[in-house]
Amino acid sequence: MACCLVLASCSSSGDVGVDSGADSGSGVDAGGTDASGSDSGTSAEHLYIPDRNLGGLVRVFALPLTTSSVPLASIPAPYSDFVAVNATTLAVCDESNSIHAFTLPVSSSSTPFAVFPVSTLVHDLAFGPNGTLYETTPSMTVNMFAPPFSSSTTVSGTLTVPTLKSGGALAFDTTGALYVCDIMRTIFVINGSSVTTTAMAPTSSQDRAVVASATQLFVADLFGGVYVFDLPLTTASVPVATITSGINEFLATALDKAGNLYVGSVDPPSIAVYSPPFSDASAPVVTLPLAADAAFSSIAIGP
């Protein structure tokens, strides 16, 4: 299985709202510019954490995180495991392999505006630059679902990667390039219809998550840490850093607009935040503990 978060307030209705301007005191800078170099301004970002154990809720946290952060909203989504978010939509995949699509902003009373089936054994979800939802599968394919979404949405296209050994984590960089990391540690770069086989993650077949900034790719190995690659990738690329401090299992990853790296773990259940620049010595600047029986396969950052 694979896969692959800034300042806000909550309105009286429970909706995730706009930046309150308050300083959380966490020391994690959540403002500035995003990975593309554009000014992020004061727009709020949030961390979305699914949980297939805790009543099937997706919990929404305002950023920056602190060690005492609590959810702004808990969205009912039975047995949720994977999440993806873009400017308008939160997509949640449940264990029956259905996508629940929610309109942003969300609240604890939000209900999906669409529920539609995807393939069996979803391995990761990600939104592309044009709003298309991408899904990796156990086969050599990446399925696409084009907006607008409805309960009758079906696969709108398929990317076939001939040497993909069971689809794993996927992510887009700021240029629109798609990265897919399979269970055999190979990283594929997809630009349009062009598929390039590039670097390999160093040690194991437990690569669970991938996320990209404008200049770096982050590959989470469940027991090996987070491998940091400089972009663009080549067949000779090797990690420029491996982050191993702070948690025991490196399961899910996300980046905020300031370039902070968020890593989800279930041993212990927690979210660890790392600030750039990244090195072998990187350690969490904030660690948010989660419930003892929390279980998830991805996290996401969005409005």
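One-based numbering along the sequence shown. In this text, all values refer to a predicted model and were calculated from it rather than measured experimentally.
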J.: Give the ring-plane orientation class for Phe102 versus His100, where under 30° counts as parallel, over 60° as perpendicular and anything between as tilted.
T.: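 Parallel.
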J.: Could you work out, with side chain to side chain donor-acceptor pair (under 3.5 Å) as the rule, every residue matching Thr158, not counting sequence neighbours?
T.: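 Per chain and number, Thr158 pairs via side chain to side chain donor-acceptor pair (under 3.5 Å) with Asn143.
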J.: In Å and rounded to the nearest 0.5 Å, what is the CG to OG1 distance from Asp230 to Thr215?
T.: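 Spacing of CG (Asp230) from OG1 (Thr215) equals 7.0 Å.
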J.: Report yes if some heavy atom in the side chain of Phe149 is under 4.5 Å from a heavy atom in the side chain of Leu133; otherwise report no.
T.: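 Phe149 reaches Leu133 side chain to side chain.
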J.: For Tyr262 versus Ile271, what's the shortest heavy-atom pair and its separation?
T.: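 Shortest heavy-atom separation between Tyr262 and Ile271 comes out as CD2-CG2, 4.1 Å.
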J.: Taking C-beta and beyond as the side chain, do Thr88 and Leu104 meet within less than 4.5 Å on heavy atoms?
T.: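 Heavy-atom side-chain distance check fails, nothing below 4.5 Å.
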J.: Using the rule ring-ring contact (aromatic ring centres under 6.0 Å, His included), only one of Tyr179, Phe145, Phe172, Phe82 pairs with Tyr134; which is it?
T.: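 Exactly one candidate clears the test, Phe172.
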J.: Where the side chain of Glu135 meets the backbone of Val118, is there a donor-acceptor pair that is under 3.5 Å apart?
T.: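 The answer is no, because no donor-acceptor pair under 3.5 Å joins these two groups.
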J.: Could you tell me how the ring of Phe218 sits relative to the ring of Phe278: parallel (under 30°), tilted (30 to 60°) or perpendicular (over 60°)?
T.: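 Because their plane-to-plane angle is over 60°, the rings of Phe218 and Phe278 count as perpendicular.
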J.: Side-chain contact test, heavy atoms from C-beta onward, threshold under 4.5 Å: evaluate it for Ser213 versus Thr174 and give yes or no.
T.: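 Not touching, per the 4.5 Å side-chain cut-off.
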J.: Would you say Leu217 and Asp173 make side-chain contact, with heavy atoms under 4.5 Å?
T.: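 A side-chain contact is absent here, since even the closest heavy-atom pair is not under 4.5 Å.
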J.: For Ser80 and Val92, work out which heavy atoms get closest and say how close.
T.: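 In this case the closest contact between Ser80 and Val92 is CB-CG1, 3.3 Å.
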J.: Hey, does Phe223 have a side-chain heavy atom less than 4.5 Å from the side chain of Glu249?
T.: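 Side-chain contact under 4.5 Å: yes.
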J.: Taking Ser69 for the side chain and Thr66 for the main chain, is one N or O donor matched with an acceptor at less than 3.5 Å?
T.: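 Yes.
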J.: Evaluate the criterion side-chain contact (heavy atoms from CB on, under 4.5 Å) for residue pair Ile99 and Leu125; output intermediate values, then yes/no.
T.: CA-CA 10 Å; Ile99 297 292; Leu125 295 174; 3.6 Å; yes
J.: Could you check whether any side-chain N or O of Ser270 sits under 3.5 Å from a backbone N or O of Ser265, counting only pairs where one atom can act as donor and the other as acceptor?
T.: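 Pair absent, no side-chain N/O of Ser270 close to backbone of Ser265.
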J.: Quick check against the 3.5 Å criterion: does Thr153 have a side-chain atom that pairs as donor or acceptor with the backbone of Phe116?
T.: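 Checking the backbone N and O of Phe116 against the side chain of Thr153, no donor-acceptor pair under 3.5 Å is found.
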J.: Hey, does the side chain of Thr136 reach the backbone of Ala169 with a donor-acceptor pair shorter than 3.5 angstrom?
T.: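 Judged by distance alone, no pair lies under 3.5 Å.
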J.: Ignoring hydrogens and angles, tell me if any N or O in the side chain of Asn53 forms a donor-acceptor pair with the backbone of Ala294 under 3.5 Å.
T.: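 Between the backbone of Ala294 and the side chain of Asn53 there is no qualifying donor-acceptor contact (under 3.5 Å).
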J.: Looking at every heavy atom in both Ala300 and Ala84, which two are closest together, and how far apart are they?
T.: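 Between these two residues, the closest heavy atoms are CB-CA, 4.3 Å.
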J.: Quick one: list whatever passes side chain to side chain donor-acceptor pair (under 3.5 Å) with Thr111, sequence neighbours left out.
T.: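 By the side chain to side chain donor-acceptor pair (under 3.5 Å) rule, Thr111 matches no residue at all.
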J.: Using the rule given for side-chain contact (heavy atoms from CB on, under 4.5 Å), can you reason through Leu251 versus Phe296, listing the C-alpha separation, both sets of side-chain angles and the distance that settles it, and then say yes or no?
T.: CA-CA 8 Å; Leu251 181 66; Phe296 54 92; 4.3 Å; yes
J.: Looking at side-chain heavy atoms only, is the closest gap between Leu261 and Leu255 below 4.5 Å?
T.: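 Side chain of Leu261 against side chain of Leu255, heavy atoms only: contact under 4.5 Å found.
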J.: Quick one: pull up CG in Leu65 and NE2 in His46 and give me the separation to the nearest 0.5 Å.
T.: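 With rounding to 0.5 Å, CG (Leu65) is 11.0 Å from NE2 (His46).
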J.: Indicate if Val285 and Phe61 have the same hydrophobic cluster label, given that clusters are the connected sets of ILVMFWY residues with side-chain heavy-atom separations under 4.5 angstrom.
T.: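 Cluster IDs for Val285 and Phe61 match.
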J.: Looking at residues at least two apart in the chain, or sitting in another chain, which of them share a ring pair (Phe, Tyr, Trp, His ring centres under 6.0 Å) with Phe127?
T.: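 Testing Phe127 for ring pair (Phe, Tyr, Trp, His ring centres under 6.0 Å), a comparison that skips the adjacent residues, returns none.
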J.: Is the backbone of Arg52 close enough, under 3.5 Å, to the side chain of Asp81 for a donor and an acceptor to pair up by distance?
T.: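 No, the answer is negative, given that no donor and acceptor are paired below the 3.5 Å cut-off.
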J.: Would you confirm whether Ser151, through its side chain, and Val115, through its main-chain N or O, come within 3.5 Å as a donor-acceptor pair?
T.: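 Side chain of Ser151 to backbone of Val115, a donor-acceptor pair under 3.5 Å: yes, one is there.
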J.: Using side-chain heavy atoms (C-beta onward) and a distance below 4.5 Å, is Leu159 in contact with Val180?
T.: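 Answer no - side chains too far apart.
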J.: Are Val240 and Val228 packed together at the side-chain level, in the sense that at least one heavy-atom pair is separated by less than 4.5 angstrom?
T.: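 A side-chain contact exists here, since the closest heavy-atom pair is under 4.5 Å.
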J.: How close do Val122 and Cys93 get, heavy atom to heavy atom, and via which atoms?
T.: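 Scanning both residues, the minimum pair turns out to be CG2-SG, 3.7 Å.
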J.: side-chain contact (heavy atoms from CB on, under 4.5 Å) for Val226 and Tyr274? Distances and angles first, verdict last.
T.: CA-CA 11 Å; Val226 178; Tyr274 303 82; over 6 Å; no
J.: Whether the side chain of Ser74 engages the backbone of Ser108 through a donor-acceptor N/O pair (distance < 3.5 Å, no angle test) should be reported.
T.: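 Between the backbone of Ser108 and the side chain of Ser74 there is no qualifying donor-acceptor contact (under 3.5 Å).
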J.: So does Asn260 get a backbone contact from the side chain of Ser275, meaning a donor-acceptor N/O pair under 3.5 Å?
T.: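 Checking the backbone N and O of Asn260 against the side chain of Ser275, no donor-acceptor pair under 3.5 Å is found.
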J.: Nearest 0.5 angstrom please: Ile75 CD1 to Ser109 OG, how far?
T.: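 OG of Ser109 is found 9.5 Å from CD1 of Ile75.
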J.: Distance check, rounded to the nearest 0.5 Å: Asn191 atom CG versus Thr175 atom OG1?
T.: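 So the gap between those two atoms works out to 6.0 Å.
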J.: Specify the closest pair of heavy atoms between Gly224 and Thr244, including all atoms of both residues, with the distance to one decimal.
T.: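 Where Gly224 meets Thr244 most closely, the heavy atoms are O-CG2, 3.6 Å.
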J.: Ala283 and Ser245: which non-hydrogen atoms are nearest, and at how many Å?
T.: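 Looking at all heavy atoms of both residues, the closest pair is CB-OG, 3.7 Å.
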